[in-house]
Amino acid sequence: MEGDRIRCLNKLLRALILGLTLLQCVNPSLSLGFKNISSGGVMRCIEREREALLAFKQGLVDHYNLLSSWGREVHKQDCCTWAGVHCSNRTNHVTQLNLGWSSSPKAYSQSLQQKRHPQYITYAFQGKMMSPKLIELHHLKYLDLSWINFNGTRLPDFIGSLSNLRHLDLSFASFGGRFPSQVGNLTHLQYLDLSFNYFANAENLNSWLPHLSSLTYLDLSWNNLSNVPNWLEIVSKLPKLTNLTLYQCGLPSPAIHSTTLFNMNSSKYLTHVDLRFNRLTSSIFVWLSKTNASLVHLDLSSNQIEGGIPQSFSKLCNLQILDLSGNNLSGQLSWLVQILMSTCPDQNSLEILSLSSNHLSGSIPNLTKYSSLKELLLYYNQLSGTIPESIGQMPNLECIDLSMNALEGVVSEIHFSKLSRLRYLALSSNLLALNFHSDWIPPFQLVHICLRSCKMGPYFPKWLRTQNEYAYLDISNAEIVDILPSWFWGMTRNVTYINLSNNQIGEMFANLTVDFVYHPKVQLSSNQIEGPIPPTLARASCLDLSNNKISGSISILCEAYNGLLFLNLSSNNLSGELPECLTHLDNLVMLDLSYNAFSGKIPSTVGSLYQMKTLKLRSNRFVGEFPSSFKNCTSLQVIDVGYNKLSGRVPKWLGVSLQNLVIMMLSSNNFNGSMPSELCRLTNIQNLDVSNNIISGTIPKCLNDLTVLAQKGNSSPILQHLYQRDDFFDGVGYMDDATFVWKGRMHSYRNTLGLVKRIDFSSNRLTGEIPSEITDLVGLVSLNLSRNGLTGELPAKIGKLQSLDALDLSRNQIHGRIPTSLAQIYGLSVLDLSYNNFIGKIPTGTQLQSFDPSDYAGNPQLCGPPLPKMCGDQQETPISSNEEEKDELITWGFYVSMALGFIVGFWGVCGSLIFIRPWRYSYFRFLNTLNDWFYVRVILIKRHFN
Ligand SMILES: *[C@@H]1O[C@H](CO)[C@@H](O)[C@H](O)[C@H]1NC(C)=O
Ligand SMILES: *[C@@H]1O[C@H](CO)[C@@H](O)[C@H](O)[C@H]1NC(C)=O
Ligand SMILES: *[C@@H]1O[C@H](CO)[C@@H](O)[C@H](O)[C@H]1NC(C)=O
Ligand SMILES: *[C@@H]1O[C@H](CO)[C@@H](O)[C@H](O)[C@H]1NC(C)=O
Ligand SMILES: *[C@@H]1O[C@H](CO)[C@@H](O)[C@H](O)[C@H]1NC(C)=O
């Protein structure tokens, strides 16, 4: 089943595979492409070569004893029988040395199957040094040293003496230093793979690469070629090249008017061109038009190609794979398809067409002429109209992804009439309605079903009963108003992901017992589900039951799967005390029990959930103090215990131990005592809310230590967590949300949460002055100190808070004049200074006059517009000319607050858990992330070996 999913996605997989090889388990003993060549009892090995090999072995650290067959002992003397060594049976010379991992294609699939143990990523060998005796192997034709970690050392020059080499694979070998020009001496080379090393100074490429005139295969991926503007000219000098892979090399686009580009004699035999993840523009097409029509595989995804494709594409009659996803292609899809189809008499070789993540518009044309098409990937464009019924006449289709377009109309049986091979169907996030006859038996068995936001209801889709192989099912937001049929869970034994959220699915749990093979991710939020949590669902690895009517206790969690990563039970009717037994859930990253009726103390065992990043217990009836065991949860980034009956002092250790906190919500409890100055050590905090407690004392002066609040901008708009330890293809993660008062109203934030930098100390018993250090928090977007007993004057430099959108100081005893600098906060849209003891004139000539008089009310000695009370002359506050000049200035803060206003209004009510499926939704961005991650991983591995 996994295999099918992989086959269906093989286009995407191909992109991922390099990452995966690192990401997933690599078990070297399984993957080495060793051959066992029997010598037939005759000793063939030439002694000089044996010594050379043994010297070479000395330079390796053989962690797994893979070279145990290499030795001087009598029974080992025939080096032609050694693992990875191959001799000519005519001359007995060593002709092949294959210690590489990548040379075994099976290794890829093995690593995919074993991907549940990514922690075993490792290199087969550590390369301490490469013995110069290797040059004794004059007759070597084949040398594969990929995946030997040479730890940033230079590739020795003597490699250039192995003049018989035909095949050289040094991929993933962590070589560093200059690009190895000595390779240019290997003029017989046909195959050269230098991908994934740390070679620098590629400027010399032109001095050696063109010497390799026999080269048919070239892969320089991941080496930085951004400073080789004539790279295309250079590779075009290789007359026999068939396969060219320059994946993520920072390739600049060839200048479109360059004469070389037009006069170039491109390699005539190119069949495979992979230039993904570069900076190419449409000028690359000029070159492609020079190649002959032999191209079989063309991958230009994730570049900067704009517009359409040129007519020259029409002669690429052998094309099997075309991937232009992740560019800026625009125009009508049908024009593009017309070019591809126009001249070739039987354009039926195309198997994979990926145009995802572009700006293509128009409707989907009749594609039946592509009778070989297996994968049609058009997601994330602007396609409209209906899906043509002719798609149902393409019997080879295995994979259809049309998600995230504006397709409309009804999808029916006709669209699938001949699609017996379909395994992967994704139509999510369009305007489609799926309408099948209730006893329709589809011709296909799907493995991946992604129909989010397709209208399927009101009845639960019956045809799903015929699908008993699926691993992935998303029919969320499908307008289903039904109970879950009794057969449903019976089909889910092998699933890894189920999403039925945002429907109106009622009671469903009668006798639910499924023996899940994999611990699936189950999302059932925002339905009408009643009753207790069924024990079976505690076997999930992620469980979201939020926003239902689930009741009872959660003692069931005592038997929960200890790999549970994510648990959201918020907004239900759950009650009782939290069980003490949670200690075994030490993989839990996110726990949300908000908006239930839990009571009692928070058990100290919660402190053993030390991986936890998000903990939300908001709006329950918890009492007592914060258990000090929370100190151990040092990964916590979000903590929300607001709206409970917690008491005691705000613990000092919060600031000392939980230094990763970004959001801390303690609002509306009974916390007392003073504000510990240790809170100032929360250097990552962005959202600090202790409002509505009984906290007394002064505001700590050290607030300016809150580093993130003291910086403008710089934060990502979302707070997102990905779990890398989990099944890679499900790329599970979630985005945090938080709920708090914004401009007087309660809002939930998700998509802009990271932009909200706020402090809310309102409704406490704080006294003393507002420390002037607070004006260093220039990133603050909202500051609320209202309803306390603050005295003194407002810091004169309050105007430094240029990002402020909302400032509420009402109901304190602040006195003195309103500092003129306040008028310089141009983005301020909410201001409340009412019920203080401000005196004098409200600074004029600025937007301070545009606020409502009520925002200044209750300050009897305050005067001037917008208050009706006029000032006497002696109270006039002079305005500096400086301020007048700046009057029209629109600041960054203003834009942020505009954006916030809009985005929050629009997104504020978004759903809960998000399982990020980036390879579908933003394939291109995801791969960037992957590559970053990949890079980090390489570094980590390096460190490990260092
Ligand atoms: C060498 O071995 C191969 C198979 O390994 C065989 O096909 C070939 O005939 C042999 N050549 C000689 C000269 O023995
Ligand atoms: C490579 O070839 C050049 C001459 O073409 C020669 O000077 C140099 O020594 C050779 N390098 C090696 C390592 O054989
Ligand atoms: C070269 O490209 C062709 C066509 O895409 C492909 O079938 C072949 O496997 C590639 N060769 C290698 C060595 O990867
Ligand atoms: C689609 O095109 C094929 C020929 O390419 C034609 O036979 C068929 O009738 C067309 N289908 C529709 C619905 O237009
Ligand atoms: C790797 O290289 C670094 C220097 O770059 C060195 O300190 C370290 O010892 C090397 N590690 C191994 C395993 O050789």
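For ligands, and for the atoms within them, numbers begin at 1 and follow the listed sequence. If you read the sequence from its start, that first residue is 1, and numbering goes on from there. Treat the numbers as computed from the prediction; the structure is a model and nothing was measured.
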Look at atom 2 (O) of ligand 3 and say which protein heavy atom is nearest, naming residue and atom and giving the distance to 0.1 Å. Asn243 ND2, 2.4 Å
Give the residue and atom name of whichever protein heavy atom lies nearest to atom 4 (C) of ligand 3, and the separation in Å to one decimal.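 Of the protein heavy atoms, Thr271 OG1, 3.7 Å lies nearest.
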With side-chain contact (heavy atoms from CB on, under 4.5 Å) as the test, pick out the partner of Phe179 among Asn224, Leu220, Val228.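 Testing each of Asn224, Leu220, Val228 against Phe179, the sole residue satisfying side-chain contact (heavy atoms from CB on, under 4.5 Å) is Leu220.
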Contact check: Asn366 vs ligand 4, nitrogen or oxygen atoms, below 3.5 angstrom: yes
Got an N/O contact under 3.5 Å between Thr368 and ligand 4?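 By distance alone, the answer is yes.
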Look at the side chain of Asn430 and the backbone N and O of Ser428, then say whether any donor-acceptor pair between them is shorter than 3.5 Å.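 Checking the backbone N and O of Ser428 against the side chain of Asn430, a donor-acceptor pair under 3.5 Å is found.
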For the pair His188 (side chain) and Ser214 (backbone), establish whether a donor and an acceptor sit closer than 3.5 Å, ignoring hydrogens and angles. no
Below the 3.5 angstrom mark, is there an N/O of His272, backbone or side chain, next to an N/O of ligand 3?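 It does: an N or O of His272 is found under 3.5 Å from an N or O of ligand 3.
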Scan the protein's non-hydrogen atoms and note whether one is under 4.0 Å from atom 7 (O) of ligand 3.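 No, because not a single protein heavy atom sits under 4.0 Å from atom 7 (O) of ligand 3.
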Can you find a protein heavy atom under 4.0 Å from atom 14 (O) of ligand 4?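 It does: a protein heavy atom is found less than 4.0 Å away from atom 14 (O) of ligand 4.
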Atoms in ligand 3 with a heavy atom of His297 nearer than 4.0 Å: 5 (O)
Are Phe175 and Tyr198 close enough that their ring centers fall under 6.0 Å?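 That pair fails the under 6.0 Å test.
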Can you check whether Phe313 and Phe285 have ring centres sitting under 6.0 Å from each other?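 Yes, the ring of Phe313 comes within the 6.0 Å limit of the ring of Phe285, centre to centre.
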Would you say NZ of Lys418 has more than 12 non-hydrogen atoms from neighbouring residues, nucleotides or ligands within 6.0 angstrom? no
